[in-house]
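Comments concern the structure below.
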Amino acid sequence: DCGLYNGKYYFYFPTDRSHIGVAVGDSPAGPFTDAIDKPLVSKDSPGVVNKRDFIDPSVFIDDDGTPYLFFGQLDVNVVKLNKDMVSYDGPVHILEGAKDFFEAIWVHKYNGKYYLSYSTWGERGVTGPQIVYATSDHVLGPYEYQGVILDEVNSGTNHHSIVEYKGDWYLFYHNS
């Protein structure tokens, strides 16, 4: 995932299923350079819960300018980033309410509510992953499961984002 903050683009990426790095650039097309020459967060960082691959970082910047990084597979981990976007000092939070979370976390805010959407295989009888969502009054939850946004696709994975553009809302997604 890539986010714009203070005129720079910050690109968060998983490496070797064990680390998440951060690179910075002046354009969303790059070039990007490694911002800290080490992982930002690792599966063995204090507080991280990681039962499978350590993947799918997603950056969210709240209305007050506070940046957060969400990541993980099977468990939703989140850290409050520092204003430099390449470090964090606080604890790792594990979000509650992401029913049957598998991967591909995305967070956006609409009408004062936080929307947590993600890929799951959790609905009974599905043959492919679905995109579902949960809502909360607080970015760190707890979240309440709401249901399916995008029904199952005919592949082993699907990832998405939801954005507002010129007053309309769009769901972008890919599958394998």
Side-chain angles (χ1 to χ4, degrees), residues 1-3 10-23 39-62 66-81 85 88 90-110 113-164 169-176:
D1 192 18
C2 188
Y10 295 87
F11 178 48
Y12 300 90
F13 56 94
T15 64
D16 68 11
R17 297 182 176 141
S18 297
H19 305 91
I20 293 173
V22 57
L40 172 62
V41 64
S42 299
K43 69 179 185 178
D44 57 355
S45 294
V48 166
V49 174
N50 181 65
K51 298 179 187 115
R52 195 169 167 187
D53 295 338
F54 195 61
I55 59 172
D56 294 346
S58 179
V59 64
F60 171 75
I61 300 167
D62 210 343
T66 304
Y68 296 89
L69 188 68
F70 295 79
F71 50 90
Q73 190 179 53
L74 302 180
D75 292 285
V76 182
N77 295 261
V78 61
V79 294
K80 180 179 166 186
L81 295 169
M85 298 290 284
Y88 67 97
V92 175
H93 299 275
I94 306 303
L95 292 190
E96 295 178 26
K99 177 186 168 203
D100 298 322
F101 171 72
F102 181 59
E103 63 185 8
I105 197 76
W106 181 261
V107 176
H108 72 280
K109 193 173 184 180
Y110 177 71
K113 279 241 187 253
Y114 296 91
Y115 287 75
L116 179 78
S117 50
Y118 51 93
S119 183
T120 183
W121 287 75
E123 295 293 323
R124 178 174 276 171
V126 300
T127 59
Q130 299 172 307
I131 301 296
V132 299
Y133 78 106
T135 58
S136 178
D137 291 328
H138 305 283
V139 68
L140 297 176
Y143 283 81
E144 184 178 335
Y145 179 80
Q146 300 296 324
V148 175
I149 297 173
L150 181 65
D151 210 356
E152 62 188 281
V153 295
N154 61 351
S155 72
T157 185
N158 65 349
H159 292 204
H160 72 292
S161 60
I162 300 170
V163 297
E164 184 269 335
W169 285 88
Y170 295 89
L171 179 133
F172 295 87
Y173 74 97
H174 77 83
N175 60 28
S176 60

Are any of the side-chain heavy atoms of Leu40 and Tyr12 separated by less than 4.5 Å? yes

When you measure from the side chain of Trp169 to the backbone N and O of Ile162, does any donor-acceptor pair fall under 3.5 Å? no

For Met85, the option from Val22, Leu69, Val59 that meets side chain to side chain contact (heavy atoms under 4.5 Å, CB included): Val59

Under a 3.5 Å cutoff, is there a donor and acceptor pairing between the side chains of Glu103 and Thr157? yes

Is there side-chain contact between Thr66 and Phe60, with at least one heavy-atom pair below 4.5 Å? no

Side chains of Tyr114 and Asp62: donor-acceptor distance under 3.5 Å anywhere? yes

Who are the ring pair (Phe, Tyr, Trp, His ring centres under 6.0 Å) partners of Tyr68, not counting sequence neighbours? none

With ring centroids as reference points, do Tyr145 and Tyr143 lie under 6.0 angstrom apart? no

Report yes or no: is the cationic atom of Lys43 (NZ for Lys, CZ for Arg) closer than 6.0 Å to the six-membered ring centre of Phe54, at no more than 45° off its axis? no

Does any part of the side chain of Val132, heavy atoms only, come nearer than 4.5 Å to the side chain of Ile149, both counted from C-beta? no

Donor-acceptor check, side chain of Ser42 to backbone of His19, threshold 3.5 angstrom: yes or no? no

Backbone N/O of Trp106 and side chain of Ser58: donor-acceptor pair under 3.5 Å: no

Let me know which of Leu95, Asp56, Ile94 forms a side chain to side chain contact (heavy atoms under 4.5 Å, CB included) with Val76. Leu95

Is Asn77 reaching over with its side chain to a backbone N or O of Val49, donor-acceptor style, under 3.5 angstrom? yes

Pairs where residues 12-22 contributes a residue and the test salt bridge (Lys or Arg N to Asp or Glu O under 4.0 Å) is met, not counting sequence neighbours: Arg17-Asp53

Does some side-chain heavy atom of Leu116 sit less than 4.5 Å from a side-chain heavy atom of Thr135? no

Distance-only side-chain donor-acceptor flag, His159 / Ser119, under 3.5 Å: no

Sub-4.5 Å side-chain heavy-atom contact between Asn158 and Ile131: yes

Quick check for you: to the nearest 0.5 Å, what is the distance between Gln130 atom CD and Thr120 atom OG1? 7.0 Å

Heavy-atom pair of closest approach, residues Tyr118 and Ala98: OH-C, 3.3 Å

